Amino acid sequence: MPELPEVEVVRLGLERGVVGRTIREVSVGRARSIRRHLEGAGDFTSRLAGRTVLAASRRGKYLWLPLDSGEALTGHLGMSGQLLVVPADSPLQKHLHVRLEFADGGRELRFVDQRTFGGLLVVPGGDPVPPLLDHIARDPLDPQFDDEDFVARVRRRRTGIKRALLDQSLISGIGNIYADESLWRAGLHGARPTDVLTKPAVRRLLAHVRAVLGEAIAQGGTSFDALYVSTEGVSGLFERSLAVYGREDQPCPRCGAPIRREAFMNRSSFSCARCQPRPRGG
DNA sequence: AGTGACGCCTGGGAGC
DNA sequence: TGCTCCCAGGCGTCAC
């Protein structure tokens, strides 16, 4: 499940694998994967053919490749999207939807996506950020992320802290796994109301968010259900470092109390029953 | 403007 | 065995 660390690992792979290369031809096998490119497949492929990739960029969970045309090939991996850089003659993946061949005849870029929540599109801009992504907040690893502005905005919210962490217009890149891990490290239950958290508490949480994201990148991300791999097809190793996510009834690594699982936004939240007390009324 | 619910997808696993 | 149901969940859209 690609969140910021997984997407960053993919970005690094794209930087090594496709930056500086010129696209020769693009084929779209499944229109749904470019559904956000409203002009359709013909327009999509013609905007890419002959263009050179200038960089590999990321904000939160979005990726984009700025092109020499002033546009950018933008993508989101959704739940199960993969961007693979593979030899042109390698076997076709079952859920291969878009192929980009390069003029140098070397390895090609493939978009593979089982659940098809992800997708690609070509958009104007891209240096530094396509306007398409204006509504996506800076992520906490962005040097220009404004800590005190984040703290203030969180405390003005009237919601639970986990909902706030998952709100990509407030802070981007965090999904269910890293939200739960960060909250565990901070000793906060996700239902804790944002408007009564102290400034130091929010700052501490932000520090834990940064730490867990950084550690996960160093481990190549989390390949919890094997749907996430790097551009080289390699799984990440951070699953073994997860303290709470997916660990219902197992002992909390800090206190030994059983990890609890609760329904949350049509999915699950994992937390320690002792270290992360549920707020009253929550 | 902020808040929260909903729908989109597929495959693996549980249960019958 | 084979069927049905549930679950994973990021994000755009929509209602309030």
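No experiment lies behind these values; they were computed from the predicted model shown. When reading the values below, keep in mind they use all heavy atoms of this one structure, side chains included, and skip hydrogens, waters and symmetry mates. So that the names make sense, note that chain A is the first sequence line, chain B the second, and so on, each numbered from 1.
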Note to self: From CD1 of A/I136 over to P of C/dC11, roughly how many Å is that when rounded to an integer?
What the structure shows: 6 Å

Notebook entry, point to check: A/H135 has an atom NE2; how far is it from atom C1' of C/dG10, in whole Å?
Noted result: 11 Å

Checklist line | Any donor-acceptor N/O pair, A/K61 side chain to A/I174 backbone, under 3.5 Å | finding: yes

Check: Quick one: which of C/dC11, C/dG12, C/dA8 gets closest to the side chain of A/M79?
Finding: C/dA8

Item checked: Separation of atom NZ in A/K162 from atom C1' in C/dG10, rounded to whole Å -> 13 Å

Note to self: Quick check against the 3.5 Å criterion: does A/E248 have a side-chain atom that pairs as donor or acceptor with the backbone of A/I259?
What the structure shows: no

Note to self: Of the listed nucleotides (B/dT10, B/dG2, C/dG12), which one gets closest to any side-chain atom of A/Q114?
What the structure shows: B/dT10

Check: How long is the line joining CG of A/D167 and P of B/dG4, in whole Å?
Finding: 10 Å

Notebook entry, point to check: Of the nucleotides C/dG10, B/dC9, B/dG2, which has the atom closest to the A/R32 side chain?
Noted result: B/dC9

Next item on the list: Indicate whether OP1 or OP2 belonging to B/dG2 is found under 4.0 Å from a side-chain N or O atom of A/R158.
Entry: no

Margin query: Using OP1 and OP2 only, check whether a side-chain N or O of A/R115 sits under 4.0 Å from C/dA8.
Written below: no

Next item on the list: Check whether any side-chain N or O of A/T159 sits under 4.0 Å from OP1 or OP2 of B/dG2, and answer yes or no.
Entry: no

Checklist line | Nucleotide of B/dG11, C/dG10, B/dG2 approaching A/L166 most closely (side-chain heavy atoms) | finding: C/dG10

Note to self: C/dC7, OP1 or OP2 - any side-chain N/O from A/R267 closer than 4.0 Å?
What the structure shows: no

Check: Does A/L48 reach the side chain of A/L73, with side-chain heavy atoms less than 4.5 Å apart?
Finding: yes

Notebook entry, point to check: In whole angstroms, how far is the C1' atom of B/dA1 from the CZ atom of A/R153?
Noted result: 11 Å

Note to self: On the nucleotide C/dA8, are OP1 or OP2 found under 4.0 Å from the side-chain N or O atoms that A/R261 carries?
What the structure shows: yes

Check: Quick one: is A/H95 getting a side-chain N or O under 4.0 Å of the B/dG11 phosphate, OP1 or OP2?
Finding: yes

Note to self: Is the terminal nitrogen or CZ of A/R254 (NZ for Lys, CZ for Arg) located under 6.0 angstrom from the six-membered ring centre of A/W184 and within 45° of that ring's axis?
What the structure shows: yes

Check: Picking from C/dC11, B/dC8, C/dG10, which would you name as closest to the side chain of A/N176?
Finding: C/dG10

Checklist line | Presence of A/K94 side-chain N/O under 4.0 Å of B/dG11 phosphate oxygens OP1/OP2 | finding: yes

Next item on the list: Give a yes/no answer on whether the side chain of A/S268 brings an N or O atom under 4.0 Å of OP1 or OP2 in C/dA8.
Entry: yes

Next item on the list: Taking only the side-chain heavy atoms of A/R163 (C-beta and beyond), determine which of B/dC9, B/dA5, C/dC11 contains the nearest atom.
Entry: B/dA5

Check: Could you state the CG-P distance from A/L132 to C/dC11, rounded to the nearest angstrom?
Finding: 12 Å

Next item on the list: Let me know the distance between CD of A/E248 and P of C/dA8, rounded to the nearest Å.
Entry: 10 Å

Next item on the list: Check whether any side-chain N or O of A/Q144 sits under 3.5 Å from a backbone N or O of A/R138 as a donor-acceptor pair, and report yes or no.
Entry: no

Margin query: Please determine whether the number of non-hydrogen atoms from other residues, nucleotides or ligands lying under 6.0 Å from atom CG of A/N266 exceeds 12.
Written below: no

Item checked: Atom pair distance, as rounded to whole Å: CD1 in A/I177 and P in C/dA8 -> 12 Å

